[in-house]
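Treat the numbers as computed from the prediction; the structure is a model and nothing was measured.
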Number of protein chains: 2
Amino acid sequence: MKKRAPEKPARRGTYRHGDLRRALLEAGVALAREGGPEAIVLREATRRAGVVPNAAYRHFASRDDLLQAVRSAALAELARAIEAELAKTRRAKTLEEDARGALRAVGRAYLRFALGESGLFRTAFATPEDLGLGPNPARSGQSGLNPFELLGSALDKFVSAGLLPPERRPGAEFLAWSAVHGFAMLILDGPLRPVPRAQLDAIGERVIAMVEKGL
Amino acid sequence: MKKRAPEKPARRGTYRHGDLRRALLEAGVALAREGGPEAIVLREATRRAGVVPNAAYRHFASRDDLLQAVRSAALAELARAIEAELAKTRRAKTLEEDARGALRAVGRAYLRFALGESGLFRTAFATPEDLGLGPNPARSGQSGLNPFELLGSALDKFVSAGLLPPERRPGAEFLAWSAVHGFAMLILDGPLRPVPRAQLDAIGERVIAMVEKGL
DNA sequence: GCGTCTTGTGGACAGTGTATACATATTCGC
DNA sequence: GCGAATATGTATACACTGTCCACAAGACGC
């Protein structure tokens, strides 16, 4: 027994965790879901993973690094929610109907996610500390699997249906995205808070309609 | 009741500060201007005011309380920026010209403030801890001195000019506000970051145009 | 088998928000 | 006027955070 280290610390089974990185990431996502970006605190994540605080630094360079990983996961979940909504609205007779249906589906899913998973949503758009470093998680990712591109293909249908002049297509994502995103943010950040939920949904529909008409 | 003469600021012997609340508030605003809401740390504010950390608790119930005060100040500054821009665009021949000019002035001032004073802007819309408590700083304030009402009066002109059906006037602030606010947020939070500034301005104009057309 | 690399541990430090107890300047009741 | 009450700032302390460093325990290549 060369062990001079007193094993008084309750050894929690396996020294090696197996996949600590994933465990920390999942803990971070759970925290974000419950309380937004500021709720994701490194020590709590390690606590939930049953590991000592510093162990996190073997997998993430800093708290902000973990934050960014959670951010990407949150964006992916948003994209999945949008895709699911799109999948439910496939049948359409005319090109125009198809295009309008797709855009409205994206908008509705976006707003529903923002309100229903506000913690994750706010995390997905948390201001990063390291500005402009690495690929932008909101716009990268495999094709069709991020909110930006999903919105883009809906707008492509608008062009195909003759509802949007091709010369106005570039940058159109930003217009549509701005309107819906801003609406969500105004709700979450307070300015629209005293407005009751039912009325909120109605205004949301009008926001989407504004986009359709004003693009 | 003798007014304290502020001839010697930060003098060691001056036990009474004079107007510590204002000093803390100003320090908080300065911090927010430099680094956004998360940069406003209570201890640093007291340090700048030349006072011990706990002194802040005689004037603010918590860090979040100070945060909310700074938030109100930031919103007031935004309102002032909008008013200044409006004052520069008073001459218009037709009602329509006047209405469009006002709306565009509000939008432009809003976006310029968001980009130029990003720290204050982000602070103005920081998610509050205490949800739905007290009057909403973004919508209260003396008449005409908050962004919400300034935008509202611009929209009233739209109705007067016959550009917006009266039945669609209620809630129209939310549509316009959402679009411009969302655009600002997408820039500040990263998703639009790789886009160069000049192109950003162009898209901003298109966002405002979308609002005009789609309301 | 052994040496090396990876991953988790233990302990420490500075910095934060905040509570409690204390001290002093200002104000107020008489 | 003057003493007490109150308002305001100080001193000390605590729990909590992110992060650094040295070290140990398992895994792995040879």
Return the value, rounded to whole Å, for the distance between atom [atom1] of [X] and atom [atom2] of [N].
| X | N | atom1 | atom2 | answer |
| --- | --- | --- | --- | --- |
| A:D65 | D:dT19 | CG | C1' | 14 Å |
| A:L20 | C:dT7 | CG | C1' | 9 Å |
| B:F60 | D:dA7 | CZ | P | 17 Å |
| A:R63 | D:dT17 | CZ | P | 11 Å |
| B:R21 | D:dA7 | CZ | P | 15 Å |
| B:L67 | C:dT18 | CG | P | 11 Å |
| A:D19 | C:dT7 | CG | P | 11 Å |

Query - Donor/acceptor link under 3.5 angstrom from A:N54 side chain onto base of C:dG11 - result: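 Looking at the base of C:dG11, it does pair with a donor or acceptor on the side chain of A:N54 (distance under 3.5 Å).
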Could you pull out all residues at least two apart from [X] that satisfy side-chain contact (heavy atoms from CB on, under 4.5 Å)?
| X | value |
| --- | --- |
| B:R47 | B:R43, B:E44 |
| A:E205 | A:R104, A:R108 |
| A:R169 | A:L155, A:D156, A:V159, A:L164, A:A172, A:E173 |
| A:L111 | A:V180, A:F183, A:A184 |

Report task. Look at the side-chain N and O atoms of B:H59 and state whether any lies under 4.0 Å from the OP1 or OP2 oxygen of D:dA7. Result ->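 B:H59 to D:dA7 OP1/OP2: no side-chain N or O under 4.0 Å.
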Query raised in the report: Is any side-chain nitrogen or oxygen of A:R47 closer than 4.0 Å to OP1 or OP2 of D:dT17?
Result: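 For D:dT17, OP1 or OP2 has a side-chain N or O of A:R47 closer than 4.0 Å.
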Report task. Keeping to residues at least two apart or across chains, list the salt bridge (Lys or Arg N to Asp or Glu O under 4.0 Å) pairs with something in residues 194-204 of chain A. Result ->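 Qualifying pairs: A:R197-A:D201.
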Query - Geometric class of the A:H181/A:W177 ring pair [parallel <30°, tilted 30-60°, perpendicular >60°] - result: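 The rings of A:W177 and A:H181 stand perpendicular, inter-plane angle above 60°.
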Query raised in the report: C:dG17, C:dT9, D:dT8: which one has an atom nearest the side-chain heavy atoms of B:R58?
Result: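 Among the listed nucleotides, the one closest to the side chain of B:R58 is D:dT8.
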Requested in this report: List for me each residue that meets side chain to side chain donor-acceptor pair (under 3.5 Å) alongside B:R63, sequence neighbours excluded, and say none if there are none.
Outcome: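 B:R63 satisfies side chain to side chain donor-acceptor pair (under 3.5 Å) with no residue once adjacent residues are dropped.
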Report task. Can you sort out which residues in residues 32-44 of chain B have a heavy atom within less than 4.0 Å of DNA chain C? Ascending by number, please. Result ->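 Residues of residues 32-44 of chain B under 4.0 Å from DNA chain C: B:V41, B:L42, B:R43.
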Report task. Would you please name every residue forming a ring-ring contact (aromatic ring centres under 6.0 Å, His included) with A:F158, sequence neighbours left out? Result ->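 ring-ring contact (aromatic ring centres under 6.0 Å, His included) check on A:F158 returns nothing, list empty.
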Requested in this report: Decide yes or no on side chain to side chain contact (heavy atoms under 4.5 Å, CB included) for B:L188 and B:L115, but give the supporting numbers first.
Outcome: CA-CA 8 Å; B:L188 296 181; B:L115 295 195; 4.3 Å; yes
**Report entry** Residues in contact with DNA chain D, drawn from residues 22-30 of chain B - heavy-atom cutoff 4.0 Å
**Finding:**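 Contacts with DNA chain D under 4.0 Å: none.
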